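The structure under discussion appears below in the form of structure tokens.
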Amino acid sequence: TDPPPDTSPTRAPDRSPAPPATARRWPRLAGRGRATVAVSALISLLLLAPLPLLVLDVDGAGWAEVRRVLWRSRSAVLLGNTAELTAVVVVLALLIGVACAWCTERVQLPVRRLWSVLLVLPVAIPDFVVGFAWHSFAPRMNGLAAATLVMTLGTYPLVYLPVAAALRRADPGLEEAARSLGLGWVGVLRRVSLPLVRTAALGGAVLVALTVISEYGAFEILRYQTFTTEIFTEFQFDPDSAGALSIPLVTLGLLVLGLDAAIPRRAVPTVRRRPPVPAQPRRVRVPTLLALAVLVLLGVGVPVATLIYWMARSSHTTLPAAATVSQATWSTLGYSAWGAGIAVVLALPVAMMAFRGGGRARLVLERGTYLTQALPGVVIALSLVFLATRYLYGLYQTSVLLVTAYAILHFPLALVCVRTSVAQAPARLTDVGRSLGRGAIAVFCTITLPLLAVGLAAGFCLVFLTSVTELTATLVLAPIGVHTLATQFWAYQSEVAYGAAAPYALVIVALAAIPGVVLGLWYDREAQSR
């Protein structure tokens with residue numbers, strides 16, 4: 001029999017448009033997001049590997065040995081010296097850095113841009129070179145006072161830079177309103193300007209504290225004993241004691257980062273329409289210029305002039321030259337460039353993960369990488385030596401360990417620069433590129449990478465600058481037969497061959513100062529163009 005006729009209502013053909021190509025790609029995009037998180041997690045584990053390696057090293061030495069080393073009177077003296085010097089230098093660097101930033105941004109100085117560059121230059125001169133210059137100029141300069149002078153002159157730019165940037169971005173209407181209400185410039189500074197830069201100043205103070213905690217060369221020259229100097233000495237004779245002393249040193253760094261995280265942050269009201277109008281009287285200019293000139297003379301003039309004096313006076317030494325200045329320069333350039341390149345490459349997926357998606361896991365991964373700031377160079381070097389001697393002996397005394405140390409040490413600098421560029425790059429451009437049918441690799445190379453080029457270049461320059469001036473990790477991890485500018489300088493100055501050491505120090509200063517000046521000029525131009 002025939003089937004009954006179909007009495008159901010006739011359904012119109014489906015004329016709805018097909019889902020767009022972007023909708024079909026969302027699962028793939030989610031997969032790429034998970035892949036970025038996985039890569040970032042792997043990078044975080046690699047960067048934080050020195051911490052578990054340090055624990056394994058200490059555990060191998062035995063906790064009885066650790067208690068013996070930590071509870072001796074010598075350790076208490078080292079803790080007191082480190083804490084006392086850190087506190088004094090942080091306070092002085094805060095005062096000088098905030099004052100210099102206020103002078104350059106709120107006082108009508110002649111050639112203000114030149115002063116901005118000169119005040120930043122001390123950060124490009126390694127602290128061990130500054131200590132060498134002052135000690136060779138005045139051999140009786142030793143102890144806490146000498147260490148305080150050298151570290152303050154070398155670290156105040158770490159406060160000056162963020163505070164100057166905060167003042168430049170701050171809304172000038174707040175200060176002008178305070179002046180219209182009858183407050184003088186001192187009252188405006190105390191009640192309006194300083195609260196606006198509090199967050200920036202505290203961030204700079206954290207960098208100063210971490211720099212003082214991890215410094216070795218300047219303290220060894222100035223005969224001021226801290227944890228870093230003792231660890232380096234113990235490493236040559238008793239590695240177990242060196243590992244035990246690394247515990248309180250790392251704890252101090254983590255404590256500084258913990259205090260920084262516990263301090264509440266406040267947003268700074270910003271404006272981009274017009275620059276602030278300085279209202280200081282002309283009589284302020286003369287003492288301000290004199291104070292800035294003295295500061296630049298002490299921080300830059302004395303070290304450079306001392307190095308030129310020793311190089312011109314005599315270069316005679318009985319120590320054989322293991323590497324000429326040109327050979328040491330090429331080695332330094334090569335290792336620093338490799339370390340900077342690796343740090344920037346590793347920072348790219350972490351920065352993109354932080355800004356291309358939300359979630360607490362992403363935030364924890366991104367913030368966790370900053371813990372490497374609390375790891376001094378000597379601790380990272382000891383951890384890598386332990387890894388190579390115990391598990392990867394083929395890497396021992398190779399260039400791989402030295403380059404790895406540079407990348408781990410200075411990764412936060414690269415991440416800050418790349419992170420800023422990622423935050424400013426509009427994500428919709430990459431979405432438009434994908435919607436046009438371009439693949440992920442093509443979109444990344446033609447759209448994302450050009451947008452991040454400035455941040456990548458800035459991160460490379462910063463890591464390169466700090467790698468050139470790195471001493472402790474280089475002394476421990478440099479392969480046999482490889483000599484950098486820092487190691488050759490250290491060898492000569494240890495033998496009191498000041499004339500032979502001076503050329504290597506001058507080249508270090510030149511290599512570190514050139515990218516520092518370029519970054520300072522570029523940053524100042526970008527800030528004024530907003």
Side-chain angles (χ1 to χ4, degrees), residues 48-91 127 131 142-148 151 206 208-262 371-391 405 408-409 471-473 475-477:
L48 297 178
L51 287 175
L53 289 174
L54 176 62
V55 174
L56 291 176
D57 189 10
V58 173
D59 183 68
W63 293 102
E65 175 68 13
V66 173
R67 287 192 295 269
R68 183 191 68 81
V69 173
L70 295 183
W71 288 103
R72 62 187 182 183
S73 59
R74 177 67 174 171
S75 300
V77 173
L78 296 174
L79 177 61
N81 289 348
T82 305
E84 181 181 16
L85 179 64
T86 302
V88 174
V89 172
V90 166
V91 172
D127 295 323
N142 295 311
L144 177 62
T148 300
M151 296 306 299
V206 170
V208 171
L210 295 175
T211 301
V212 175
I213 290 173
S214 61
E215 178 58 29
Y216 163 73
F219 301 154
E220 183 69 19
I221 293 174
L222 298 172
R223 298 183 177 89
Y224 187 78
Q225 299 301 309
T226 62
F227 275 119
T228 52
T229 59
E230 189 71 13
I231 289 172
F232 194 86
T233 302
E234 293 286 355
F235 173 71
Q236 302 176 29
F237 305 100
D238 189 1
D240 292 341
S241 298
L245 290 173
S246 299
I247 295 178
L249 184 61
V250 173
T251 303
L252 285 176
L254 295 176
L255 179 62
V256 171
L257 288 182
L259 291 176
D260 176 61
L371 290 178
T372 56
Q373 288 182 317
L375 303 179
V378 63
V379 173
I380 292 179
L382 293 179
S383 301
L384 293 179
V385 169
F386 173 78
L387 174 66
T389 55
R390 293 294 182 90
Y391 305 106
I408 294 176
L409 271 172
L471 175 65
T472 312
L475 289 174
V476 176
L477 298 175

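Nothing here was measured: the structure is a model prediction, and the numbers come from that model.
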So, taking the atom named [atom1] in [X] and the one named [atom2] in [Y], what distance separates them when rounded to the nearest 0.5 Å?
X      : Y      : atom1 : atom2 : answer
Thr86  : Leu210 : OG1   : CG    : 9.0 Å
Phe219 : Leu85  : CZ    : CG    : 4.5 Å
Leu375 : Leu48  : CG    : CG    : 7.5 Å
Leu56  : Ser383 : CG    : OG    : 9.5 Å
Glu215 : Thr472 : CD    : OG1   : 6.5 Å

Point to revise | Pairing residues for Glu220 by the salt bridge (charged side-chain N to carboxylate O under 4.0 Å, His left out) criterion, not counting sequence neighbours | key: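 Counting only residues at least two positions away or on another chain, Glu220 forms no salt bridge (charged side-chain N to carboxylate O under 4.0 Å, His left out).
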Check your understanding: Does Arg68 have any salt bridge (charged side-chain N to carboxylate O under 4.0 Å, His left out) partners at least two apart in sequence or in another chain, and if so, which?
Key ->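 Arg68 satisfies salt bridge (charged side-chain N to carboxylate O under 4.0 Å, His left out) with Glu65 once adjacent residues are dropped.
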Exercise for review: For the pair Thr82 (side chain) and Leu79 (backbone), establish whether a donor and an acceptor sit closer than 3.5 Å, ignoring hydrogens and angles.
Suggested key: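 No, because the side chain of Thr82 does not come within donor-acceptor range (under 3.5 Å) of the backbone of Leu79.
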Practice item. Could you tell me whether a side-chain N or O of Ser75 sits under 3.5 Å from a main-chain N or O of Val69, the two making a donor and an acceptor? Key: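 Checked: pair present.
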Review point. Mind checking whether Thr211 and Met151 have side chains closer than 4.5 Å, heavy atoms only?
Key: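 Touching, per the 4.5 Å side-chain cut-off.
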Practice item. Determine, stepwise, if the pair Tyr224 / Asn142 fulfils side-chain contact (heavy atoms from CB on, under 4.5 Å). Key: CA-CA 7 Å; Tyr224 187 78; Asn142 295 311; over 6 Å; no
Once side chain to side chain donor-acceptor pair (under 3.5 Å) is applied, do any residues pair with [X], and if so which ones, sequence neighbours excluded?
X      : result
Arg74  : Glu230
Thr226 : Thr228
Thr229 : Gln225

Practice item. For atom CZ of Arg390, decide whether the heavy atoms of other residues, nucleotides or ligands shown that lie under 6.0 angstrom number more than 12. Key: no
Exercise for review: For Tyr216, enumerate each residue passing the ring-ring contact (aromatic ring centres under 6.0 Å, His included) test, keeping only those at least two apart in sequence or located in another chain.
Suggested key: Phe232, Trp490
Exercise for review: Give the minimum heavy-atom separation between Leu409 and Pro376, together with the two atoms involved.
Suggested key: CD2-C, 4.1 Å
Review point. Can you name the nearest heavy-atom pair linking Ala473 to Gly377, along with the distance?
Key: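 Ala473 and Gly377 have their closest heavy atoms at CB-O, 4.1 Å.
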Enumerate, atom names and distances included, each donor-acceptor pair closer than 3.5 Å involving a side-chain atom of residues 241-258, sequence neighbours excluded.
residue : atom : partner : partner atom : Å
Ser241  : OG   : Asp238  : OD2          : 2.5
Ser246  : OG   : Ala242  : O            : 2.9
Thr251  : OG1  : Ile247  : O            : 2.7

Practice item. Report the C-alpha separation of Ile231 and Leu382 in whole Å, then their side-chain angles, then the decisive distance to 0.1 Å, and conclude whether the side-chain contact (heavy atoms from CB on, under 4.5 Å) test is met. Key: CA-CA 10 Å; Ile231 289 172; Leu382 293 179; 3.6 Å; yes
Review point. Who pairs with Thr233 by side chain to side chain contact (heavy atoms under 4.5 Å, CB included), at least two apart in sequence or on another chain?
Key: Phe237
Exercise for review: Could you go through the side-chain contact (heavy atoms from CB on, under 4.5 Å) check for Val212 and Val90 one step at a time?
Suggested key: CA-CA 9 Å; Val212 175; Val90 166; 5.8 Å; no
